[in-house]
2 protein chains.
Amino acid sequence: MAGASLLLRNGRPMGKAVADVLVTDGVIAAIGPNLAAPPGVAVEDAGGALVLPGLVEAHTHLDKSLWGMGWRPNDAGPSLLDKIDNERKLKRELNIDPARQSARQAAVSSANGSTHIRSHVDVDTDHGLWGIEGVMATRDTWREVIDIELVAFPQSGLMRRPGTLALMDAALAAGAEIVGGIDPCGIDRDPKGQLDAVFALCQKHGKPLDIHLHEPGEMGAFSMDLIFERTRALGMKGQVVISHAFCLGTPDPALVNPLIDAIAELDIGIMTTASASRPVPAVKPLLARGIRVCSGSDGIRDTWGPYGTADMLERAMLIGMRNNFRRDEEVELAFHVCTQGGADIMRIADYGFAPGKAGDLVVVDGEAITHAVVAHPPRRLVVKRGRVVARNGACLKAAP
Amino acid sequence: MAGASLLLRNGRPMGKAVADVLVTDGVIAAIGPNLAAPPGVAVEDAGGALVLPGLVEAHTHLDKSLWGMGWRPNDAGPSLLDKIDNERKLKRELNIDPARQSARQAAVSSANGSTHIRSHVDVDTDHGLWGIEGVMATRDTWREVIDIELVAFPQSGLMRRPGTLALMDAALAAGAEIVGGIDPCGIDRDPKGQLDAVFALCQKHGKPLDIHLHEPGEMGAFSMDLIFERTRALGMKGQVVISHAFCLGTPDPALVNPLIDAIAELDIGIMTTASASRPVPAVKPLLARGIRVCSGSDGIRDTWGPYGTADMLERAMLIGMRNNFRRDEEVELAFHVCTQGGADIMRIADYGFAPGKAGDLVVVDGEAITHAVVAHPPRRLVVKRGRVVARNGACLKAAP
């Protein structure tokens, strides 16, 4: 995707002294005071606001938000399977069209400053590749606004619904970039079966893995151990992400510490939404071990629940609150998770706020990064590869 | 305080069908479709937005927000005493003037739809009644905008700093409405001493108690038991609130259930901010037992930490997330805690959204109460006793 050129004047890059940022053909060319505007280059004034790198939404479900479909009171049952079955049923009933809904969420996400999304996309025997095809259409038509990558995600289970594996295979052949998985014990009740299957997909397609693991405590630790075993045996170091990883929130260092050792050894990435109602991994010790940590909005206003604003600055606030981060240097860790941390997980080579990196920027009011995190006011400007894609909290491209 | 008259047209009271609300001399006179405007009565159009009762901020610290004082990176130490000592030192150093800061926070609170505030206000031997006098000044000058009541709060401890008890006594004599306390074991290290002293203040001044209890697990349960003992012995049923009550979040029903039995028996109110990083009381079981539950913002952007927006709709969202409320009927429990629940704790006799109750209203966009909670957009209109006090997210009275 070709980039544009832009001179962004009078911003405070990363909350530091006022400076200009020059983006040339989509790439940051210079950051410094009083840069000259090359002829014909568009100029924007940041008015003293913060200039930050594009936010990274590293875990969401673009295919199934109800955004803009009218308020529907949620009456799903309490268990995970209740919610999964309820959702599969409602998809056709309400016509939760993945192409339309992913475009709507992409617009909100861009308006809030995200420039990259990793989306898990349901693959199941009721709906086949409806989700994959819909989100791929959005990926293609919204490419100038936001980068989207797809995880083929067996939300309803892989082993318990025969036929799903062939659909996963087809989704990857069609271009889904990452293999997904979910609770090999809790949902599939066949951890060996599911994990052998998803790792085989990784091997066949030469693609990395990002697996949902909600399983808590000893069960989650068991599943993790099976994941470690396969990652090691197949030489997939650095190619596995474990999303949620609730078992790392178990208040028992004897259980958690060996898991963290293996995660560090195998360069496994961890995704946490910092759920307030479940045990969650503590962010600081993971980062201190050099482990890649990212975050995401997870489901946005869907059949699972009403929460979510697709705002990764608000997510950084929630991570900070969940981890009891109070000092600015701690809140900046939460901000890191929602920016560079996501890029580290998604292996975005040209990500970063430095010359030579992509011109993906967010301009937002705030006296400091922590201030922007806790207040997360509407974004003044969002820039994707040098092109202004959102202004004053609204995406410039119209969603369906 | 005299009230005003207002006809609010085209709102959806509590998310139901479109109706008008007539407030006469500060009191709700009628709720229904197509009400006639009495001569000379101001008319506002709600434009189909939700009309809700005023929000109740039942636990905050008006005297010490840093709002509007310029961003100051937080570098306080990790323990509770670190933060208490750091704050006492910074009060004079930064001139955190309680009169000015409480007015600023009152303005933000009103802009976000709160019509009542219970504020704990520091009383200590370094600063005497500086806080009490400052917040009382705001209470008086902001009376038309928002109702404020004061808890005389021994933030730095009562027994460990001799002289504090006499200051507490003076604060109550000066008109503070509620006796406060804090961690009789954890902070004062003399539970019998502190609890005997604060209950004696209640008896002497004929005032209720609202005590901070951060103590977790068995220690908190012990302090609670001492509170129950005194509440029962002194006939103070219905006159005690326990704020935070973290020990009720202990994952051990054998510890928690007997505490809940006593809380129900003694009609003790519980305040929870739904902290994401600490054990917290589960809201639903308390409400199911008929226990009064309220919430609050706690500290807003102060020396303790950067969080907080003084928005009780956002607080309802955080309560919902912390309690894993997903169904609309559950999220409405969180909304109840931030409205009627606060009024139940503060014993606000004329609170409620019904004829004969005070004309305290919030107008906010949303398709349903749950929608307003999760999105909490800027309030269109805030009405206090029939008078418009905030519009489009801004308080009409200027803060210092």
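Predicted, not measured: the structure shown is a model, and the values here were computed from it.
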If every non-hydrogen atom of B/R322 is compared with every non-hydrogen atom of A/S277, which pair is closest and at what distance? O-CB, 3.5 Å
Between the CG atom in B/N74 and the CZ atom in A/F325, the distance rounded to the nearest 0.5 Å is 13.5 Å
Separation between CZ of B/R326 and CH2 of A/W304, rounded to the nearest 0.5 Å: 7.5 Å
At a heavy-atom separation under 4.5 Å, does B/V280 approach chain A through its side chain, its backbone, both, or neither? neither
Examine whether an atom of B/E314 lies under 4.5 Å from a heavy atom of chain A, and if so say whether it belongs to the side chain, the backbone or both; otherwise answer neither. side chain
As an exercise: rank B/P78, B/A276, B/G70 by heavy-atom pairs under 4.5 Å with chain A and give me the winner. B/A276
Just so I understand: if I count every heavy-atom pair under 4.5 Å between each of B/V373, B/N324, B/V331, B/N323 and chain A, which residue has the most? B/N324
Side chains of B/P73 and A/T370, heavy atoms from C-beta outward: is any pair under 4.5 Å? no
Taking side chain as C-beta onward, heavy atoms only, is B/L318 less than 4.5 Å from A/M321? yes
Go through the steps for B/V374 and A/T309 under the test side chain to side chain contact (heavy atoms under 4.5 Å, CB included), then give the verdict. CA-CA 8 Å; B/V374 300; A/T309 52; over 6 Å; no
Under 4.5 Å, counting heavy-atom pairs only, tell me which of A/K83, A/E329, A/R278 racks up the most with chain B. A/K83
With chain B, the option among A/S275, A/A375, A/P306 that has the most non-hydrogen atom pairs under 4.5 Å is A/P306
